[in-house]
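Keep in mind it's a predicted model, so treat the numbers as computed, not measured.
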Amino acid sequence: MARRNGVESGASSTGTLGKAVAVLELVALSDRPMRFTEILELAGQPRGTLHRQLSHLLEEGLLELNADHCYEPGLRLLKFASSAWTRSDLRRLAAPHLQILHELTGETVHLGVLKGSEIIYLDKVESRQAVRMASQIGKASPAYCTGVGKAALSVLPEQHLLDLLRDVPFRRFTAQTITSFGALRVELEAIRMAGYAFDREEHEPGIRCVAAAISDSGLSFVGGVSVTGPAYRVGEEVLQAWAPLVQRVAAAITEEVAARLGPSR
C-alpha cells in the first residue's frame with residue numbers, strides 16, 4: 001500500500017467520497033505540486049476513476065491545476081482551513097497566553113498540535129525584530145526534529161510513541177538532526193525530566209527554539225508552545241532563560257483547556 005507524508009492511500013479508503021478525500025489529502029499534504037502520473041502511482045486507483053475524482057475536485061475549487069499541469073491545493077480548501085483555525089477552541093484559549101510569551105521574549109511564538117508523526121502549527125505571533133521566521137500557520141513539520149514536536153512526543157505513553165514512530169524515516173535536515181529512534185528516546189527522557197525541549201538548529205539551519213508540551217487529561221490532543229529565533233540572536237543562555245517562561249505559559253494553557261474544554265463543558 002502506498003504511503004506519502006504518513007497518509008495511506010488506495011485500499012485504505014472505501015467508497016467514492018473516501019477515495020476522493022484520500023486523493024485530496026495526498027495532494028494537499030505534498031510538499032510540492034503533483035503531476036497526474038505521481039498521483040496515479042501513489043493513489044492505487046484506476047486511471048479513469050482518478051481522472052474523474054480530480055476533475056470533481058477541480059470543479060469544486062478544492063484543487064487547482066497550475067501552469068505546469070500539476071495539481072495543488074485550491075483556494076476553497078484554504079478557506080476551509082482558515083475557518084477551522086479561526087474556530088479552533090484551543091487556538092482561541094491559547095491566544096492571550098501566546099501574546100504574553102511574545103511580550104516577554106520579543107521573538108516568534110508558535111502553537112502546534114501533534115497529528116500523526118508531524119506537528120501542525122495552529123497559531124503564530126510574529127517577532128518584533130526586523131528579521132523574522134518564515135513559518136506558516138497550517139504548515140506541517142516532523143515532530144522528531146522540532147521543539148514543539150519533541151515536547152509533544154515526550155508526554156506520550158511508551159507504546160503509543162513506538163506505534164507512532166515505528167515507520168517514520170528519520171530524514172537528516174541539518175548536521176544536528178536526530179536520525180534514529182534510539183537517539184530520540186534518549187532525548188525525550190531528558191525532556192520529560194526537564195519539562196521543556198530545545199531545537200538547536202535540528203530542522204532548519206540557523207533556527208533555535210525552546211518548547212513545552214500542552215495536552216488534555218485524556219491525551220485526545222497533544223501539542224506544544226514554543227519561542228523561536230535566529231541562532232545569531234538566540235544563544236544557549238537565551239534558550240535557558242526562556243525555558244521557565246515557556247513552561248509557565250504551556251502550563252497555563254493546559255490548565256485553561258482542562259477548565260474550559262473538559263468533560264463538564
Side-chain angles (χ1 to χ4, degrees), residues 5-6 31 94 98 101 105 107-122 124 133 135 139-217 219-251 253-254:
N5 291 329
D31 57 5
L98 301 183
L101 187 56
T105 63
E107 295 290 353
T108 301
V109 175
H110 290 107
L111 171 72
V113 292
L114 191 65
K115 182 69 172 178
S117 60
E118 296 181 314
I119 279 291
I120 309 295
Y121 292 102
L122 291 183
K124 171 186 178 182
M133 311 307 302
S135 57
K139 182 180 178 181
S141 296
Y144 68 87
C145 60
T146 55
V148 172
K150 289 187 294 181
L153 292 175
S154 73
V155 302
L156 296 180
E158 183 68 12
Q159 190 57 53
H160 188 169
L161 185 67
L162 289 170
D163 293 341
L164 191 65
L165 298 178
R166 180 181 293 117
D167 300 320
V168 170
F170 282 79
R171 172 186 168 191
R172 182 180 291 281
F173 291 90
T174 75
Q176 284 71 45
T177 304
I178 292 174
T179 56
S180 72
F181 182 62
L184 178 62
R185 289 178 74 178
V186 171
E187 178 148 357
L188 292 180
E189 183 57 35
I191 292 169
R192 292 185 189 104
M193 294 180 65
Y196 50 82
F198 293 120
D199 173 357
R200 297 181 174 97
E201 302 182 66
E202 296 165 43
H203 187 219
E204 298 179 57
I207 301 300
R208 294 175 180 164
C209 89
V210 57
I214 57 174
S215 66
D216 66 355
S217 58
L219 296 181
S220 60
F221 86 85
V222 175
V225 59
S226 69
V227 181
T228 306
Y232 75 87
R233 224 166 40 218
V234 181
E236 187 65 27
E237 290 185 0
V238 174
L239 286 177
Q240 295 290 345
W242 284 348
L245 303 178
V246 176
Q247 277 185 291
R248 288 200 294 270
V249 167
I253 294 173
T254 298

ask   = How many angstroms lie between CZ in Arg248 and CD1 in Ile253, if you round to the nearest 0.5 Å?
value = 13.5 Å
key: Pairs where residues 219-229 contributes a residue and the test salt bridge (charged side-chain N to carboxylate O under 4.0 Å, His left out) is met, not counting sequence neighbours   = none
message = Rounded to the nearest 0.5 Å, what separates atom CZ in Arg200 from atom SG in Cys145?
response = 14.5 Å
task = Measure the NE2-OG1 distance between His203 and Thr177 for me, rounded to the nearest 0.5 Å.
result = 8.0 Å
Inter-residue atom distance His110.NE2 - Thr146.OG1, 0.5 Å rounding = 10.5 Å
task = Could you check Glu201, Glu107, Glu237 and say which one makes a salt bridge (Lys or Arg N to Asp or Glu O under 4.0 Å) with Arg208?
result = Glu201
query = Which residues satisfy the ring-ring contact (aromatic ring centres under 6.0 Å, His included) test with Phe170, sequence neighbours excluded?
reply = Tyr144
query = Taking atom NZ of Lys124 and atom CG of Leu98, what is their separation to the nearest 0.5 Å?
reply = 13.0 Å
Validation row: Val222, Ile214 side chains within 4.5 angstrom (heavy atoms) = no
task = Taking all heavy atoms of Ala250 and all of Ala212, pick out the closest pair and write down the distance.
result = CB-CB, 3.6 Å
inquiry  = Does Glu236, at its CD atom, have more than 12 non-hydrogen atoms belonging to other residues, nucleotides or ligands within less than 6.0 Å?
reply    = yes
request  = Hey, could you give me the OG/OH distance between Ser154 and Tyr196, rounded to the nearest 0.5 Å?
outcome  = 12.5 Å
Cut-off 3.5 Å, no hydrogens considered: what does the side-chain donor-acceptor table look like for residues 178-190, sequence neighbours left out?
from: Ser180; atom 1: OG; to: Ala183; atom 2: N; distance (Å): 3.1
from: Arg185; atom 1: NE; to: Glu158; atom 2: OE2; distance (Å): 3.1
from: Arg185; atom 1: NH2; to: Glu158; atom 2: OE2; distance (Å): 2.5
from: Glu187; atom 1: OE2; to: Lys150; atom 2: NZ; distance (Å): 2.6
from: Glu189; atom 1: OE1; to: Arg192; atom 2: NH1; distance (Å): 3.2

